[in-house]
Asks: 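Here it is, the structure in full.
Below, read A as the first sequence line, B as the second, and so on, with proteins coming before strands; counting in each chain starts at 1.
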Amino acid sequence: MPVTTSSPEPAAITLPKTSESEQLLRIRHSMSHVMAMAVQKLFPQAQVTIGPWTESGFYYDFDSPDPFSEADLKAIKKEMVKIINRKLPLERLEVSRAEAERRIQAINEPYKLEILAGIKEPISLYTLGDQWWDLCAGPHVAHTGELNAKAFELESVAGAYWRGDETKAQLQRIYGTAWETPEQLAEHQRRKAEAKRRDHRRLGTDLNLFSIEDEAGAGLVFWHPRGARMRLLIEDFWRQAHFDAGYELLYTPHVADISLWKTSGHLDFYAESMFGPMQVDERQYQLKPMNCPFHVLTYASALRSYRELPIRWAELGTVYRYERPGVMHGLMRVRGFTQDDAHVFCLPEQITAEIVAILDLTEQILSTFDFRSYEINLSTRPAKSIGEDAVWELATNGLIGALERKGWAYKVDEGGGAFYGPKIDLKIEDAIGRMWQCSTIQLDFNLPERFQLEYVAADGSRQQPIMIHRAIFGSLERFFGIMTENYAGDFPFWLAPEQIRLLPVTDEVRGYAEEVLGQLKRAGVRATLDQSGERLAKLIRNGEQMKIPVLAVIGTTEAEGGSLSLRSRREGDLGTMAVAKLIEAASLANAARSAGLQP
RNA sequence: GCCCUUGUAGCUCAGUGGUAGAGCACUCCCUUGGUAAGGGAGAGGUCACGAGUUCAAAUCUCGUCAAGGGCUCCA
C-alpha cells in the first residue's frame with residue numbers, strides 16, 4: 001500500500017538520511033554492488049569505477065561503450081531483483097596490495113587499479129557471491145536477502161566525469177534509491193512528486209508568471225503581467241525597507257567603457273563570466289556583470305568626509321553574465337538577472353554595527369516571505385589573498401561580533417573567503433526542507449584600493465574606507481523561483497497578482513459585479529471579474545487552478561444585500577461579507593502584508 | 001562545455017516514410033446555471049531551425065539552437 005499522498009500534514013513516515021542510519025548505509029553500499037554486478041552481466045564490456053551511497057540512495061559510474069537508456073534500467077533492475085532473491089553473501093576480504101593488483105588485472109578493470117593506487121592499507125574488497133567482487137571499504141549487509149527488492153528503484157542515467165574532472169573520461173552514471181521498506185520508498189517518491197509539483201518552471205507556465213523565449217535566447221527572462229505585478233510588489237517592499245534602514249537608491253548604466261573593468265580587475269579575474277565587449281564609435285564597452293564598480297565610481301565622484309560615513313547605497317541592478325550552455329535552469333540560473341545589490345562605505349570602527357544592521361534588514365526582508373530558518377557560514381582569509389593582517393583581523397572580528405550580537409549560530413569555513421575579504425553567507429530553508437543560498441555579505445579590501453577610494457579623516461588625513469557588498473535576495477529572478485516553490489504557487493494574499501476574483505452566478509448580477517469591481521480597484525485591491533459566462537462550478541474550478549486567494553461569489557442574494565460570498569484558498573469558506581467590509585479587510589491585509597484576509 | 005533524453009496547436013501529449021491529430025485553454029452559439037469540468041460549432045501548426053537521403057520526410061541521416069536529468073562550472 002502506498003502511503004497517503006493527499007494529506008497536507010507532515011508525513012508519518014520519517015526518512016532517515018544515509019548519514020543517520022547505519023543500516024541504510026549498508027543497504028545502499030550493497031545495492032550499488034548489486035547494480036554493478038547486474039550491469040556487468042548485461043553489458044560485459046562495461047568497466048566499473050566508483051559506486052558510493054548518496055543521502056537518498058546510491059549511484060555507480062561505468063565506462064561502457066553501450067550508452068545506457070531508460071529502457072536498459074528496467075532490464076538492470078530485473079537482474080538486480082534476481083541477485084537479491086538469490087540471497088548472495090557479501091564477504092569482506094583483506095588482501096595485500098600485490099594481491100589486489102593481481103586480482104584487478106585478472107578482470108581487466110583499469111579504473112579500479114587507479115583507485116587502488118590512491119588508497120592506503122588495509123585494502124579490503126567485498127565479494128558478492130562467488131562470481132563478482134569489488135574493491136570497497138564497506139560496510140555491507142551480510143547477504144542480499146537483507147535488501148528489499150520492493151524498496152529500491154533505478155532513477156536515472158547521467159553523464160559524469162572520472163574523478164569529477166571534465167578533462168577526464170566521461171562515464172555513465174546510474175542513480176538509484178534504496179530503502180528499508182516499500183513504505184519508505186513510497187514516501188521518498190511522494191516527496192519527489194511534491195518537489196515536482198512545486199517546480200517554479202511548471203508554476204511559472206501554469207500561473208502565467210514568466211517565460212523564457214527561444215527566439216530571445218537561453219537564460220533571459222520575460223516577466224509576464226502577473227509575474228511582473230508580483231515583482232513590483234516585492235521591489236516596492238524592498239525599496240521601502242531600505243529607505244527605512246537608512247539607504248539611498250542608485251540607478252547606474254548597464255554598460256560602461258571597458259577601461260572601468262580593467263581598473264576593477266574584472267577583466268582579469270572574471271572575463272570568462274562576462275558577455276563579450278562591444279565596439280561603439282572609438283571605444284569598447286562592456287555589459288555589466290556586477291554593479292560594484294558603478295557604486296565605487298559614484299563614491300569617488302566627490303570628496304567624502306568621515307562625517308558622511310556610513311554611506312549606504314542600494315540598487316536593483318540588472319547584470320548579465322555568461323553562463324555556459326547547459327547550466328541554465330529556469331529562473332535559478334540565468335544569464336540576465338537583477339541583483340538587490342548594496343554597498344556600504346564605512347569607517348573601520350563602524351563595521352560591526354553595519355553588519356548587525358544588515359543582518360537585521362536581511363531577517364526583516366526574508367521573514368516577510370516566510371523564510372525564518374537560516375544556516376549561516378562565515379568564511380575567513382584564504383591562503384592567497386590581498387590586504388594587511390590587521391585589516392583582515394579587524395574585519396573578521398567585525399563579522400563575528402555582529403553574528404554574536406545577533407545571537408545567530410554559524411559555521412566557520414576556514415580559508416573559504418574571497419581573496420579580497422571575509423564574508424558571511426546565509427542559506428534559507430524552504431517549506432520542504434531544502435536549503436538555498438541567497439544572501440551574502442562580503443567585505444572588500446580590493447576595490448577601494450584599485451579605485452583609490454578615500455575620505456578625509458578628522459585629523460585631515462586621507463584614509464581608505466571599508467567597503468561592504470551585500471545582497472539579500474541575491475538575484476530577484478532566483479529568489480522569485482525559490483519563493484514560488486516555497487509557497488507552491490499559493491502566494492500570500494498581499495503578494496498574489498490577482499487577489500480577488502468576482503464570480504457572477506448569472507448575467508443578471510453583472511451590473512452589480514462591475515460596480516463592486518470598480519470599488520475594489522479604486523481601493524487598491526487587485527480584483528478581477530470573471531467574464532466567461534460559465535456555470536459557477538466551472539468558475540470556481542478555474543479560479544482554484546489559478547490559485548486565486550479569494551473567490552467572491554455574486555448571485556442575486558448578494559446583489560440585493562450589497563454583499564459577496566467569500567471562498568478563501570487558505571482560510572476556507574468566509575461566509576457572506578458586505579462589500580465595504582471586504583474592502584477594509586483587503587486593504588488591511590495589503591498594508592500588513594498578510595497571508596490571508598483575516599488578521 | 002560534456003553524457004543521455006527530448007523538441008508536433010497557448011498547455012499536456014498521440015502520430016515510425018504516403019492528405020497533421022486528441023483533450024484542456026481560446027472564439028461564437030445554445031443553456032441563466034449557487035461552490036472544482038453543461039452542450040454544440042469554430043478558429044488555431046514552416047511538426048524547433050538548416051541541410052541531406054527519397055518519387056515522397058513530423059517520421060530516416062547530419063548539423064545548429066533550445067529544453068529536461070546529471071557532470072563540470074558558479075573567483
Side-chain angles (χ1 to χ4, degrees), chain A residues 54 59 61-64 66-73 155-175 192 196 199 201-202 204-208 211-220 224 265-266 268-274 289-290 321-330 332-335 379 382 384-385 416-421 423 437 442 446 474-475 478 503-510 532-546 551-559 565-569 572-576:
Chain A
T54 66
Y59 65 82
D61 289 347
F62 302 92
D63 190 348
S64 167
D66 319 285
F68 302 144
S69 69
E70 300 283 324
D72 294 329
L73 292 189
E155 297 187 304
S156 61
V157 275
Y161 298 105
W162 171 235
R163 299 252 146 120
D165 182 341
E166 64 179 314
T167 64
K168 299 223 165 90
Q170 176 97 37
L171 309 173
Q172 295 190 67
R173 176 172 298 177
I174 301 178
Y175 279 98
K192 270 180 53 174
K196 200 171 172 191
D199 192 313
R201 295 167 299 183
R202 174 85 260 139
T205 303
D206 288 350
L207 304 183
N208 200 4
S211 65
I212 292 166
E213 301 293 331
D214 260 23
E215 283 176 86
L220 302 171
H224 294 197
H266 287 99
D268 294 329
F269 300 113
Y270 205 73
E272 66 197 29
S273 297
M274 284 156 53
M290 292 191 185
R321 295 185 183 173
Y322 174 74
E323 296 285 359
R324 295 163 87 185
V327 304
M328 263 73 75
H329 181 88
M332 304 296 195
R333 186 89 177 263
V334 291
R335 282 179 169 165
S379 301
K384 268 181 78 177
S385 54
F419 73 91
Y420 51 75
K423 64 174 178 177
Q437 196 204 308
Q442 306 198 357
N446 183 45
S475 138
R478 184 175 139 85
L503 310 180
V505 177
T506 71
D507 284 344
E508 280 169 46
V509 297
R510 186 144 306 219
S532 67
E534 295 281 352
R535 284 183 163 72
L536 181 62
K538 185 65 174 289
L539 302 188
I540 291 195
R541 183 181 154 85
N542 290 345
E544 292 289 356
Q545 282 188 330
M546 286 303 280
L551 298 176
V553 176
I554 298 177
T556 45
T557 332
E558 288 81 6
S565 280
L566 301 181
R567 178 187 160 115
S568 160
R569 255 181 96 74
D573 186 357
L574 295 181
T576 304

Asks: When all nucleic acid strands are considered with a 4.0 Å heavy-atom cut-off, which category describes Ala158(A): base, sugar-phosphate, or nothing?
Replies: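 It contacts base atoms.
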Asks: If you look at every strand shown and take non-hydrogen atoms under 4.0 Å, does Gly555(A) touch a base, only sugar-phosphate, or nothing?
Replies: base
Asks: Hey, does Glu213(A) reach any base, or is it just sugar-phosphate, or nothing, if we go heavy atoms under 4.0 Å?
Replies: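 Nothing: the residue Glu213(A), judged by heavy atoms under 4.0 Å, touches no strand.
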Asks: What is the separation between atom CG on Leu220(A) and atom P on rA67(B), rounded to the nearest whole Å?
Replies: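 Value for this atom pair: 10 Å.
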Asks: Looking at side-chain heavy atoms only, is the closest gap between Val553(A) and Val505(A) below 4.5 Å?
Replies: yes
Asks: For nucleotides rG33(B) and rG39(B), find the distance between their C1' atoms and express it as a whole number of Å.
Replies: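 My reading of the C1' atoms in rG33(B) and rG39(B) gives 13 Å.
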Asks: After noting the C-alpha distance and the side-chain angles of Ser565(A) and Glu558(A), does the key distance pass the side chain to side chain donor-acceptor pair (under 3.5 Å) rule?
Replies: CA-CA 7 Å; Ser565(A) 280; Glu558(A) 288 81 6; 2.7 Å; yes
Asks: Taking the side chain of Arg535(A) as heavy atoms from C-beta outward, which of rU35(B), rG33(B), rC11(B) is closest to it?
Replies: rG33(B)
Asks: Reckon Tyr175(A) has a side-chain N or O less than 4.0 Å from the OP1 or OP2 of rC71(B)?
Replies: yes
Asks: Looking only at N and O atoms, is any donor in the side chain of Tyr161(A) or the base of rG70(B) less than 3.5 Å from an acceptor on the other one?
Replies: no
Asks: Nearest-Å distance, CZ (Arg335(A)) to P (rC74(B))?
Replies: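 After rounding, the reported distance stands at 16 Å.
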Asks: Counting only distance, no hydrogens or angles, is the base of rA36(B) paired donor-acceptor with the side chain of Arg567(A) under 3.5 Å?
Replies: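 Under the 3.5 Å cut-off, the side chain and the base do form a donor-acceptor pair.
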Asks: How close or far is atom P of rU12(B) from atom CG of Asn208(A), stated in whole angstroms?
Replies: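 Taking CG of Asn208(A) and P of rU12(B), I get 13 Å after rounding.
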Asks: rU32(B) C1' sits how many Å from Glu508(A) CD, rounded?
Replies: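 Rounding to the nearest Å, CD of Glu508(A) and C1' of rU32(B) are 7 Å apart.
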Asks: Could you tell me how far apart Asp72(A) (CG) and rC3(B) (P) are, to the nearest whole angstrom?
Replies: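 Computing the Asp72(A):CG to rC3(B):P distance gives 18 Å.
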Asks: Apply the test salt bridge (charged side-chain N to carboxylate O under 4.0 Å, His left out) to residues Arg202(A) and Asp199(A): give CA-CA distance (whole Å), side-chain angles for both, the deciding distance (0.1 Å), then the verdict.
Replies: CA-CA 5 Å; Arg202(A) 174 85 260 139; Asp199(A) 192 313; over 6 Å; no
Asks: Please determine, for the side chain of Arg541(A), which listed nucleotide (rG70(B), rU35(B), rA37(B)) has the closest atom?
Replies: rA37(B)
Asks: Quick check on Gln437(A): does its CD atom have over 12 non-hydrogen neighbours (other residues, nucleotides or ligands) under 6.0 Å away?
Replies: yes
Asks: Using a heavy-atom cut-off of under 4.0 Å over every strand shown, decide if Glu534(A) touches base, sugar-phosphate, or nothing.
Replies: base
Asks: What is the separation between atom CE on Met290(A) and atom P on rA75(B), rounded to the nearest whole Å?
Replies: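 Roughly 8 Å, once rounded to whole Å.
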Asks: Roughly how far apart, to the nearest Å, are rC4(B) and rU12(B) at atom C1'?
Replies: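 Pairwise C1' distance, rC4(B) against rU12(B), rounds to 24 Å.
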Asks: Measuring from the side chain of Leu536(A) (C-beta onward, heavy atoms only), which nucleotide among rU72(B), rG33(B), rU35(B) has the closest atom?
Replies: rU35(B)
Asks: Using atom C1' in both nucleotides, what's the gap between rC3(B) and rA22(B) to the nearest angstrom?
Replies: 35 Å
Asks: Any side-chain heavy-atom pair from Glu544(A) and Leu551(A) closer than 4.5 angstrom?
Replies: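 Heavy-atom side-chain distance check passes, below 4.5 Å.
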Asks: Hey, what's the ring geometry for Phe269(A) with Phe419(A), parallel, tilted or perpendicular (30° and 60° as the breaks)?
Replies: tilted
Asks: Take atom CD of Glu213(A) as the centre, draw a 6.0 Å sphere, and report whether it contains more than 12 heavy atoms from other residues, nucleotides or ligands.
Replies: yes
Asks: Taking only side-chain N and O atoms of Lys538(A), does any of them lie within less than 4.0 angstrom of OP1 or OP2 on rA25(B)?
Replies: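 Affirmative; the distance criterion is met.
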Asks: Just compare rA75(B), rA66(B), rU32(B) and give me whichever is closest to any side-chain atom of Thr506(A).
Replies: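 Closest nucleotide to the Thr506(A) side chain: rU32(B).
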Asks: Atom CG of Leu171(A) and atom C1' of rG70(B): how far apart are they, to the nearest Å?
Replies: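 Rounded to whole Å, this separation is 13 Å.
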Asks: Quick one: which of rG34(B), rG69(B), rA37(B) gets closest to the side chain of Thr557(A)?
Replies: rG34(B)
Asks: Which listed nucleotide (rA36(B), rG34(B), rC2(B)) is nearest to the side chain of Gln545(A)?
Replies: rA36(B)
Asks: With rounding to whole Å, what would you report as the distance between rA41(B) and rG52(B) at their P atoms?
Replies: 44 Å
Asks: Nearest to the side chain of His266(A) - rA75(B), rA37(B), rU32(B)?
Replies: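 Selected nucleotide (nearest to the side chain): rA75(B).
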Asks: Rounding to an integer number of Å, can you tell me how far Asp214(A) CG sits from rU6(B) P?
Replies: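 Rounding to the nearest Å, CG of Asp214(A) and P of rU6(B) are 18 Å apart.
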Asks: Rounding to the closest angstrom, what is the interatomic distance between rC60(B) and rA14(B) at atom P?
Replies: 14 Å
Asks: When both hydrogen-bonding distances must be under 3.5 Å and the geometry is Watson-Crick or G-U wobble, what is rA56(B) paired with, if anything?
Replies: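 Looking at the geometry, rA56(B) pairs with no nucleotide.
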Asks: Compare the minimum distances between each of rG34(B), rC74(B), rC4(B) and the side chain of Val157(A), then state the nucleotide with the smallest one.
Replies: rC4(B)
Asks: Within the structure shown, what part of the strands sits under 4.0 Å from Gly217(A) by heavy-atom distance: base, sugar-phosphate, or nothing?
Replies: nothing
Asks: Would one find a side-chain N or O of Arg333(A) under 4.0 angstrom from OP1 or OP2 of rG68(B)?
Replies: no
Asks: For the side chain of Asp507(A), starting at C-beta, report the closest nucleotide among rG70(B), rC11(B), rU32(B).
Replies: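 The closest nucleotide is rU32(B).
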Asks: Looking only at heavy atoms, what is the nearest atom pair of Ile174(A) and Phe62(A), with distance?
Replies: CD1-CE1, 4.1 Å
Asks: Heavy-atom nearest nucleotide on RNA chain B for Gln172(A) versus Gly330(A): which residue maps closer to 5'?
Replies: Gln172(A)
Asks: With the side chain of Ala537(A) defined as its heavy atoms from C-beta on, choose the nearest nucleotide among rA37(B), rG70(B), rU72(B).
Replies: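 Out of rA37(B), rG70(B), rU72(B), the nucleotide with an atom closest to Ala537(A)'s side chain is rA37(B).
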Asks: With respect to the phosphate group of rC11(B), does any side-chain polar atom (N or O) of Arg202(A) fall under 4.0 Å of OP1 or OP2?
Replies: no
Asks: Which is more 5' along RNA chain B, the nucleotide nearest Phe269(A) or the one nearest Phe68(A)? Just name the residue.
Replies: Phe68(A)
Asks: If the cut-off is 4.0 Å, is His329(A) near the phosphate of rA67(B), judged by side-chain N/O to OP1 or OP2?
Replies: no
Asks: For Ser273(A), report the nucleic acid contact type (base, sugar-phosphate, nothing); a contact means any heavy atom under 4.0 Å.
Replies: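 Touches nothing.
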Asks: Please give the distance between the P atoms of rA20(B) and rG63(B) as a whole number of Å.
Replies: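 Going atom to atom, P in each nucleotide, I get 28 Å.
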